[in-house]
Structure formats: C-alpha cells, structure tokens
Amino acid sequence: MSSTEQSSAPNNFIRNRIRKEVESGQYDQIVTRFPPEPNGYLHIGHAKSIVLNFAMAAEFGGYTNLRFDDTNPAREEQRFIDAIKEDVSWLGYQWKNECHASDYFDTLYDYALHLIDNGLAYIDEQDGETIREQRGTLTEPGTESPFRDRPAAESRALFERMRAGELPDGAGVLRAKIDMAAPNINLRDPVIYRIRHQAHPRTGTDWCIYPSYDFAHGQSDAIEHITHSLCTLEFEDHRPLYDWLLEHLPVPSRPHQIEFARLNIDFTVLSKRRLTRLVEEGHVEGWDDPRMPTLAGIRRRGFTPQSIRNFCTEIGVTKSESVIPYSVLERNLRDDLNARAPRRMAVLRPLKLVLTNFPEGEVEWLQAANHPQNPDQGTRKVPMTREIWIEQDDFLEQAPRKFFRLKPGGEVRLRNAFIIKCDEVIKDAAGNVVELHCSFDPESRSGQPGADRKVKGTIHWVSAAHAVKTEVRLYDRLFRVPNPAADKNVDFVDHINPDSLEVLDSAMLEPGLDQAGHGACFQFERLGYFVPDPASRPDKPVFNQAVTLRDTWAKLEKAFSQ
RNA sequence: AGGGACGUCGCCAAGUUGGUUAAGGCACGGGGUUUUGAUCCCCGCAUUCGCAGGUUCGAGUCCUGCCGUCCCUGCCA
C-alpha cells in the first residue's frame, strides 16, 4: 500500500506494542494471518481485520498468511473459499501463503494424543446435554465428568477408534482436562475434538473427527510461526485457553493473541449469521447485492478498494466498542472518487426543455472538461440540440427565494454551455409540468466573451436526440434504524427499509456512457458517483449509484421544512 | 451474580515511564473561490478526560470506591 496510507495511520495499542517488541529485539519480523471461516462472504468488518493484519506485517518487515479456519465441515463450502480469496485480492493485499487449518489435521491429531498421553485430555462419553449441565453457570462451578479420571490408555484407545470411524456422531468428545471450577468457563474442560461423519471441502472423507476452533487456532498459528494472532474482543476469554494449549503442546513457536474491537456501522448488520439470513430468505438479491455490507456487495455498488482501506485506517484500532456512522464510509468513497472519477452529464428524472431560439436540426458540439480540477484528464465534446433533457428537480414553478435553479422567467446556466431563460411552462391536462420553453443567450456560450456573466445556478442536461436511455439503480440504507439488531424481541429483518432500492428506467445519459466498461466509475455532475453494473451491456446499460454528492441544498431544504 | 474488558468534544481517536495552555479526522457553525448548491481554501469548535474521594509541588495518566456499557454457560467460529 502507499506510504501515505501508513504514515497517516493513527497510532494504536497493537502497533505500539509490536514496535516496542521489535525495537527490543524480541522479533526479527512480524508474521500475521487473516483467518476467515469459509462459511459466508467477507464484509466490511473483515476489511478492518485484513487491513490491520497486513499493515502490521508490512510495517515491520514480515508477511501475512491467508488461513481458512475450516474445522467445521457442516458449514463450510468451497465457493466461499473462492469468494474470500477474490475479496482479499480485490482489497489490494497479497498473502504469503494460502493455508487451511485442515492442512494441519494430522499434526493436530498428534497434539491431541500428546495431551491424552500426558493426562491432560480425556474422552468423555456423555451426551451433549449432560456435558452442558455439568458445565455449571456463570456463578456456580461445574461438576466433573465421571470419565474425567479414566486411564490415559483408555482415552487413547477410544480416540483412535473415533478417528477410525468406529463411533457414531455424538458418541464421545475429547476434552482438555483443565479446571471445572474455573471462573472462566472456557477452562472448564473444553471440548477440543468431536465426531462428525461429514465430508470436508478439502480433506474429503479422510476424517470423521474434527478439532474445535480453540484446539485448531492457536496450534495453527504456532505451526505457521505467526507472531501476533489478532482477533476480535469476544475471544478475549479464550486467550487463557489459547495459552494453556500452547504451553502444554510441543509446538514449534509461541504466538500471542491480541484482541481488538470489531467494527460496527449504523443502519446495517455485520454478522455472518444475519447476512446469511438476508441472502437465504431473499431479502436481497444475493451476497453481492449492492445494499449488502459485504465486500462483494460494496464492490458492485461502486466502492473502491482504496476508499475502504482509507476508511479502515481512519477509524483506528482500539478495544472500545464503537459504532461508525455509515456516512463515514460514504465520505471516504467520495474523497477517493472526487480526485479521479471522470465527470459526465446524466439526467435521472428527465423533463423536456425546448430551446426556442436554437435552430431546428442543428447539432452544436461543446467542449467539456473531464475533470475541472485535473486538466490532465482532458476534454470531450458533448452535443447540444434544440431539445434537451433536464432534471425534474431543477425546475420549480413556485420557487423559494434561495432556489438557484430554473423557475418561470428565471435564468440558469446549462453546464458546459450557455445561459437560458425560462419563457414558458407547458402543462398537461392534470396540471403537471411536461415541458419548458426557454431561450438561450448566445453570448454566454462557454469560451465566448460573455461567458463570464454570472447567474446563480448551473444545471446539467443531455441532448434529447443523443441521450442514452438507461436503467439507473439508486440505493439507500438497507435498514430504517441505526441498530437493527439492538432489540432481542424484534427480528432484525422487520427493520428492513422497503425503499432501499429505487430503479429508474428512463435516465438519460450523455452519449458514450453506454460504452463504459465494467470497473469504470463516473461522477454524474451534481448527482453523485455511478458505476456500470456487472450485468450492464452496451445495448442495455445499467448503472448503480455508488454514492451521492454532498448535498447542502437538500440539507437546507429539509431544515426549512421543519 | 462469577470471570473478562471498555468508558477522553455530537461520532471516531491520539495522549511516552504523572509535568506547562488535552493531538488529529469527521460532523457542525461562519467566511472566501467556483460554469458541479460538489471540490478547494481560511476561521471557530472539550478550563476538561464516566462519577466521587485520595496520593502528589503537579494526574486524563497512580490509589480507593461507585456508576454505565459490552462479552462469556455451542460437540459454532
């Protein structure tokens, strides 16, 4: 990533700690890992973790592994593995090794035997419910399993039979023998291996017993020589177990887990469980629906990797739970795109406007800057004709005093063209404004001596004869409330915003935009940033609105009306 | 209630081992530039660090006690 990206990053407790450790010579290099479980798509919360992990390793001369935490074949799928790799790459990061917890199943099995042989683990043949009951509660200690003190040889034999497939699911589990009275419930003889007669996406039917997260994660870190295992706060209580296992196993290195607060953004949900529901119940079109906070979704929406990296850097890394306004994400996109997106003109909700003193049938090609602040982007020619489309919002018959756009008898500049005056308002039988008749001032043409004549407003337009009629999709927040999951008694899907998607089927685009390739991004002047949808084709263009421009007028309007 | 953690401006967030007037960003308010009411540029914006005591010449930084919030009783991760 760019150097400015790192130098502008605020300090955080993890970087401070690592810097100190590196300066004291404790580490030669820093090795981190990003460890997703392939049971869903990555979302913006994962981006925070990705950026952190890759940034720390890069900053201190190390590398980052991509490791799939695939210890539960009941939930994991290859398609998710593929999607995750695509998303991390898209974000702009290159992992050193692609790893899988399943790569270590043999070693993990040996580690389990090691624990058994040393009297530190045992096979419990009780059912799940009994084990749960014996775990105790938050305030009461648990009770020990009757199998807790069985001979190591007996546990070993049973474990080998489990591995050989001789026992059915649920017949027994391997438990670490720690302390049933520990105030930290994770230490009350946690289950570290369970029987699952289930094919695994990578190891197929080689195994019918699978290690738990706790047994796989730390050991995988150690095997990969990860120096710092960065994870979210809910794993804080697992650290004593993480450490216990590493201390009692013959692992090749000693990684350390550090926890930080996960990302929360208002008006959305960032848990895989909930995102999965949105997809499976059809509340959205799929994991890549532009309203989804998934990386695939916001990518399709038009977000850039740079804007997401900037966002993740800007919000910082701490241990305090915080909620970032969705608008912060949007602003980062605007900041990024403002600097480089070529400008175009497009009319979303067209209103016909006739220039009565413009010669019929004539086409005048006007020069327009592709980026007013960046002349390097050059210019293009846009056609002007007698009939053009303007935005319905840019005309108001009963205009308030501060309305700088077009009104009866009023003047306004047409962007990249000339000043026009509204002479006549044409209405249909129902009284709706259907057409405007205006006259233009030839002296005020761009480039002419009279071009510097000032009028209050400038509006965009598209020649009716040249316009590319297009579908444009506008997006709003997926939920109506800041924290959709806040109330345990209300299903979060009940908070879905019914107006989160608005499809405009007759937007009028400046010619040339129908040829825009995928991945292109434009600022439609005075409106916002738009990208072609992956399904867009030259003969049927479809644009997605990534984000609007900042709209001070809309804010004022709202303030007036209240 | 047992354990773990967090609480610095509306939202984020810096704050070296306690040492002058508490960074920065966003938001917000005011002004300027502008053929995007966009961008850009200036200016303003916490006598105060959850609360209450205490230690100290001196505390956001140390101690004590409260208050508030989050996480933990899956053979999920």
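Here is the naming used below: chain letters follow the sequence lines, and residue numbers restart at 1 for every chain.
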Between A/Tyr111 and A/Tyr104, ring centroids under 6.0 Å = no
inquiry  = Would you say the rings of A/Tyr109 and A/Trp207 are close, in the sense that their centroids are separated by under 6.0 Å?
reply    = yes
inquiry  = Suppose we screen for side-chain hydrogen bond (donor to acceptor under 3.5 Å, both in side chains). Which residues come up paired with A/Gln373, at least two apart in sequence or across chains?
reply    = none
query = Considering residues at least two apart in sequence or located in another chain, which fulfil the side-chain hydrogen bond (donor to acceptor under 3.5 Å, both in side chains) criterion with A/Gln448?
reply =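 A/Gln448: no side-chain hydrogen bond (donor to acceptor under 3.5 Å, both in side chains) contacts found.
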Between [M] and [N], how far apart are the [atom1] atoms? Round to whole Å, please.
{"N": "B/U33", "M": "B/C41", "atom1": "P", "result": "16 Å"}
{"N": "B/C45", "M": "B/U39", "atom1": "C1'", "result": "23 Å"}
{"N": "B/C71", "M": "B/G29", "atom1": "P", "result": "35 Å"}
{"N": "B/A22", "M": "B/C9", "atom1": "P", "result": "14 Å"}
{"N": "B/C11", "M": "B/C57", "atom1": "C1'", "result": "38 Å"}
{"N": "B/G60", "M": "B/G53", "atom1": "P", "result": "15 Å"}
{"N": "B/C40", "M": "B/U34", "atom1": "C1'", "result": "9 Å"}

Have a look at [X] and say if it touches a base, only the backbone sugar-phosphate, or nothing, with a 4.0 Å heavy-atom cut-off.
{"X": "A/Asp124", "result": "nothing"}
{"X": "A/Val173", "result": "base"}
{"X": "A/Asn416", "result": "base"}
{"X": "A/Phe235", "result": "base"}
{"X": "A/Val412", "result": "nothing"}
{"X": "A/His238", "result": "base"}
{"X": "A/Phe403", "result": "base"}
{"X": "A/Glu259", "result": "nothing"}
{"X": "A/Glu391", "result": "nothing"}
{"X": "A/Ala182", "result": "nothing"}
{"X": "A/Arg550", "result": "sugar-phosphate"}
{"X": "A/Lys454", "result": "sugar-phosphate"}

Choose from [options] the nucleotide whose nearest atom is closest to any side-chain atom of [X].
{"X": "A/Asn12", "options": "B/A14, B/C28, B/U36", "value": "B/A14"}
{"X": "A/Lys555", "options": "B/C28, B/G37, B/A77", "value": "B/C28"}
{"X": "A/Glu314", "options": "B/G25, B/C75, B/U36", "value": "B/G25"}
{"X": "A/Arg194", "options": "B/A14, B/C76, B/U39", "value": "B/C76"}
{"X": "A/Asn16", "options": "B/G37, B/A38, B/G15", "value": "B/G15"}
{"X": "A/Thr552", "options": "B/G37, B/A13, B/A77", "value": "B/G37"}

Establish whether the base of [N] is bridged to the side chain of [X] by a donor-acceptor pair shorter than 3.5 Å.
{"X": "A/Glu76", "N": "B/A77", "result": "no"}
{"X": "A/Arg405", "N": "B/G37", "result": "yes"}
{"X": "A/Arg343", "N": "B/U36", "result": "yes"}

query = Starting at the 5' end of RNA chain B, which residue's closest nucleotide do you reach first, A/Glu234 or A/His371?
reply =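 Final value for this comparison: A/His371.
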key: Whichever of A/Asn338 and A/Asn186 has its nearest RNA chain B nucleotide further upstream toward 5'   = A/Asn338
Any pair counted as salt bridge (charged side-chain N to carboxylate O under 4.0 Å, His left out), so long as it reaches [range], sequence neighbours left out:
{"range": "residues 32-41 of chain A", "result": "A/Glu37-A/Arg75"}
{"range": "residues 311-337 of chain A", "result": "A/Glu236-A/Lys319, A/Glu259-A/Lys319, A/Glu314-A/Arg331, A/Arg331-A/Asp335, A/Asp336-A/Arg340"}
{"range": "residues 371-381 of chain A", "result": "A/Arg380-A/Glu510"}

message = If only side-chain N and O atoms count, and only distance matters, is there a donor-acceptor pair under 3.5 Å linking A/Thr304 with A/Gln306?
response =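 Their side chains do not contain a donor-acceptor pair, so the 3.5 Å distance test is not met.
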message = Can a side-chain donor-acceptor contact be found between A/Arg239 and A/Asn186 if the only test is distance below 3.5 angstrom?
response =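 A/Arg239 and A/Asn186 do not have a side-chain donor-acceptor pair below 3.5 Å.
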Listed in order of residue number, which residues of [range] have a non-hydrogen atom at under 4.0 Å from RNA chain B?
{"range": "residues 444-453 of chain A", "value": "A/Arg445, A/Ser446, A/Ala451"}
{"range": "residues 35-50 of chain A", "value": "A/Glu37"}
{"range": "residues 323-334 of chain A", "value": "A/Val323, A/Ile324, A/Pro325, A/Arg331"}

Evaluate the ring planes of [X] and [Y], with Trp represented by its six-membered ring, and classify them as parallel (under 30°), tilted (30 to 60°) or perpendicular (over 60°).
{"X": "A/Phe522", "Y": "A/Phe524", "answer": "parallel"}
{"X": "A/Phe492", "Y": "A/Phe479", "answer": "tilted"}
{"X": "A/Phe418", "Y": "A/Phe358", "answer": "tilted"}

message = Are B/A77 and A/Tyr213 stacked, with the base six-membered ring and the side-chain ring centres under 5.5 Å apart and planes under 30°?
response = no
NZ/NE/NH1/NH2 to OD/OE distance under 4.0 Å, [X] and [Y]:
{"X": "A/Arg148", "Y": "A/Asp124", "value": "no"}
{"X": "A/Arg67", "Y": "A/Asp221", "value": "yes"}
{"X": "A/Arg262", "Y": "A/Glu234", "value": "yes"}

note = Per the 3.5 Å Watson-Crick/G-U criterion and a run length of at least three, the stems involving RNA chain B are B:2-7 with B:67-72, B:10-12 with B:24-26, B:28-32 with B:40-44, B:50-54 with B:62-66
query = Should A/Ser212 be listed as having a side-chain N or O under 4.0 Å from OP1 or OP2 of B/C75?
reply = no
Quick one: side chains of residues 163-174 of chain A, donor-acceptor pairs under 3.5 Å with protein atoms, not counting sequence neighbours, listed by atom name and distance.
unit_1, atom_1, unit_2, atom_2, d
A/Arg163, NH1, A/Asp206, O, 3.1
A/Glu166, OE1, A/Arg161, NE, 2.9
A/Asp169, OD1, A/His197, N, 2.8

inquiry  = Would A/Arg405 pass as a cation-pi partner of A/Phe395, given that its NZ or CZ must be under 6.0 Å from the six-membered ring centre and within 45 degrees of the axis?
reply    = no
query = Can A/Arg477 be said to sit on top of A/Phe267's aromatic six-ring, NZ or CZ under 6.0 Å from centre and within 45° of the ring axis?
reply =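 Yes, A/Arg477 sits over the ring of A/Phe267.
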task = Classify the glycosidic conformation of B/G74 as syn or anti, calling it syn when the angle lies within 90° of 0.
result =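 What B/G74 shows is a syn base, its glycosidic angle lying within 90° of 0.
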key: Base versus backbone protein contacts along nucleotides 1-9 of chain B [heavy-atom cut-off under 4.0 Å; B, S, -]   = SBBSSS---
task = Using the ring-ring contact (aromatic ring centres under 6.0 Å, His included) rule, collect all pairs that involve residues 163-196 of chain A, keeping only residues at least two apart or in two chains.
result = A/Phe159-A/Tyr193, A/Tyr193-A/Phe215
